[in-house]
Q: 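Structure in structure tokens, see below.
The analysis underlying the following values was restricted to heavy atoms, covering all of them including side chains, and did not include hydrogens, waters or symmetry mates. Since the model is a prediction, treat every value here as computed from it, not as a measurement. Every chain is numbered from 1 and lettered A, B, ... according to where its sequence line falls, protein lines coming before strand lines.
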Number of protein chains: 2
Amino acid sequence: MTSPLPTTAQNWLSLFPALECLENDTMARLAETSQVVDIPAGQTIFRAGDACQSFLLVLGGVVRVQMTSENGREIILYRVDAGETCILTTACLLGHDPYGAQGITETQVRAVAIPAAVFHQLLATSQVLRDFVFKSYATRLANLMVLIEEVAFGRLDIRLARFLLDKADADGTLPLTHQQLAVELGSAREVISRQLKEYERRGLVRLHRGHLTVLESAQLSRLCEA
Amino acid sequence: MTSPLPTTAQNWLSLFPALECLENDTMARLAETSQVVDIPAGQTIFRAGDACQSFLLVLGGVVRVQMTSENGREIILYRVDAGETCILTTACLLGHDPYGAQGITETQVRAVAIPAAVFHQLLATSQVLRDFVFKSYATRLANLMVLIEEVAFGRLDIRLARFLLDKADADGTLPLTHQQLAVELGSAREVISRQLKEYERRGLVRLHRGHLTVLESAQLSRLCEA
DNA sequence: GTGTGTTTGTGACTTGGTTACAGACACCAG
DNA sequence: CTGGTGTCTGTAACCAAGTCACAAACACAC
């Protein structure tokens, strides 16, 4: 899982616009202490209760962060894309808490792992890194608040419609199973099936095994307004 | 609302254990730029969409932070007690975003208001302030994740039982209306009334107008386990 | 005691989650 | 091509929770 540095620190830093004017000494320290790791798709990189060992900067690929309830239902909190960091990891490092959710690679992921001690030290000395971390924190928190609002107050038919519109590609195709949609929205598979069937009955989508097609995106988005 | 400084910076800082070894220059800067404000109970200090002007340290009293849906349902996100800060405010300042929720004083509140510019500057220079802010951030985020879990997966009867046990005083009294309980849990008044009536039928609580009494806390807490 | 506003109770209905299966489909091995 | 296997989808019945509409009980001021 851990490969020898495939690139120099200077190289991978160029992937982070926000860090591009990182201080020289910070960069040097990162180069000597941090590791670039490659992780295959579908791997669990941390689970609820784990202690947090190192700060992760995602260079490429996507990490999905989700929670699972006792009875097996799941909800996706957010995704970490290239150039981003996982605030949950940051929070755990800063608060010395264990993780409160689960992180899974959705694709192959290349990331920089900065050991906790180095992260703490650099956070104290590097204005640029600090700004970067604080900024990520702020945007993720805003996302989580929207999520709370949706889960607490939102109607599922509308949340689903929005999700379909948002995630379907140009020809309206969405290659997800009903179960996967349920996890995206924190709902149950049967509920999603029911709702999709209703959309199909109204001619808004067409269902297939393993994927679906949005037919009437205009009508679907009108649904979201009302 | 803004009163002349009732105490010196040295005085109010003593209320924050985490800030007690704040750097001398930081303290001086705070003393000259920040204001101690007193706000009466029941005042809205920010609402969703507002821009954030200054960082707030609560010296005394309680601020409630909650969200309201279009159709009027509300949910309490967290409370800011004496010695704490509002992470939402921090996030807004750091991300230059507007507020995503509403803050209301539950009691009279005395707070230190640090102007945004000063806050940014001190965050860059004061290790102690930085640690304090990061720590608060981490703990609040953990709270919010628990909230998401509860709202998305939790059963209302159990959440309510837990709340009653948690908030009732020594003699089992809880001076809240059903509507207030509904807001605490992000539910609807009728649902709470129904559930409380069921608890009363089972002899677990006794209901009165404007308050209720927990009779069988043991049985109530057994409910939460199962 | 009467009026007024708040709080609580209740029934009917809708939405969403759970349980328990059955059927449909994809794909592999023989 | 055929049967077997695992995954995905459909459905019905039931329960939990939110919504709507309105009635009753209560607290308190006048």
Q: Treating A/Glu84 as the side-chain partner and A/Asp81 as the backbone partner, does any N or O pair qualify as donor plus acceptor under 3.5 Å?
A: yes

Q: Using the test salt bridge (Lys or Arg N to Asp or Glu O under 4.0 Å), find all partners of B/Lys197 that sit at least two apart in sequence or belong to another chain.
A: B/Glu200

Q: With the side chain counted from C-beta on, respond yes when A/Cys224 and A/Leu165 share a heavy-atom pair under 4.5 Å apart, and no when they do not.
A: yes

Q: With sequence neighbours left out, what residues match B/Arg159 under salt bridge (Lys or Arg N to Asp or Glu O under 4.0 Å)?
A: B/Glu150

Q: Suppose the criterion is side-chain hydrogen bond (donor to acceptor under 3.5 Å, both in side chains): which pairs have a residue in residues 211-226 of chain B, not counting sequence neighbours?
A: none

Q: What residues form a salt bridge (Lys or Arg N to Asp or Glu O under 4.0 Å) with A/Glu184, not counting sequence neighbours?
A: A/Arg79

Q: Charged N to carboxylate O under 4.0 angstrom, B/Glu198 versus B/Arg202?
A: yes

Q: Measure the acute angle between the ring planes of A/Tyr99 and A/Phe46, then classify it against the limits of 30° and 60° as parallel, tilted or perpendicular.
A: parallel

Q: Could you pick out which residue, B/Gly186 or A/His211, lies toward the 5' side of DNA chain D when each is mapped onto its nearest nucleotide?
A: A/His211

Q: For A/Phe55, what residues pass the ring-ring contact (aromatic ring centres under 6.0 Å, His included) criterion, not counting sequence neighbours?
A: A/Phe119

Q: Any residue in residues 187-198 of chain A with a heavy atom nearer than 4.0 angstrom to DNA chain D? Just list them by number, or reply none.
A: A/Arg189, A/Glu190, A/Arg194, A/Lys197

Q: Is there a donor-acceptor contact under 3.5 Å from the side chain of B/Thr68 to the main chain of B/Gly72?
A: no

Q: Checking the side chain of A/Tyr199 only, and the main-chain atoms of A/Leu220 only, is there a donor and an acceptor separated by less than 3.5 Å?
A: no

Q: Could you check whether any side-chain heavy atom of B/Val63 comes within less than 4.5 Å of a side-chain heavy atom of B/Glu106, counting everything from C-beta outward?
A: no

Q: A side-chain contact here means heavy atoms from C-beta on lying under 4.5 Å apart; do B/Asp38 and B/Val109 qualify?
A: no

Q: Got a sec? Which of residues 175-183 of chain B come in under 4.0 Å of DNA chain D, heavy atoms?
A: none

Q: I'd like to know if the side chain of B/Thr177 reaches the main chain of B/Gln180, judged simply by a donor and an acceptor atom lying under 3.5 Å from each other, with no hydrogens or angles considered.
A: yes

Q: Side chain of B/Ser187, backbone of B/Val183: donor and acceptor closer than 3.5 Å?
A: no

Q: Could you tell me from which nucleotide to which nucleotide of DNA chain D, 5' to 3', there is an atom under 4.0 Å from chain A heavy atoms?
A: D/dG6 to D/dA13

Q: Please work out which residues in residues 67-78 of chain B have a non-hydrogen atom less than 4.0 Å from an atom of DNA chain C and list them by number.
A: none

Q: Which is the 5'-most and which the 3'-most nucleotide of DNA chain C that has an atom under 4.0 Å from a heavy atom of chain B?
A: C/dG5 to C/dA12

Q: What residues from residues 155-164 of chain A pass a heavy-atom cutoff of under 4.0 Å to DNA chain C?
A: A/Arg155, A/Leu156, A/Asp157

Q: For B/Ala152, is there any backbone N or O sitting under 3.5 Å from a side-chain donor or acceptor partner on A/Arg73?
A: yes

Q: According to side chain to side chain donor-acceptor pair (under 3.5 Å), who are the partners of B/Asp171, at least two apart in sequence or on a separate chain?
A: B/Thr173

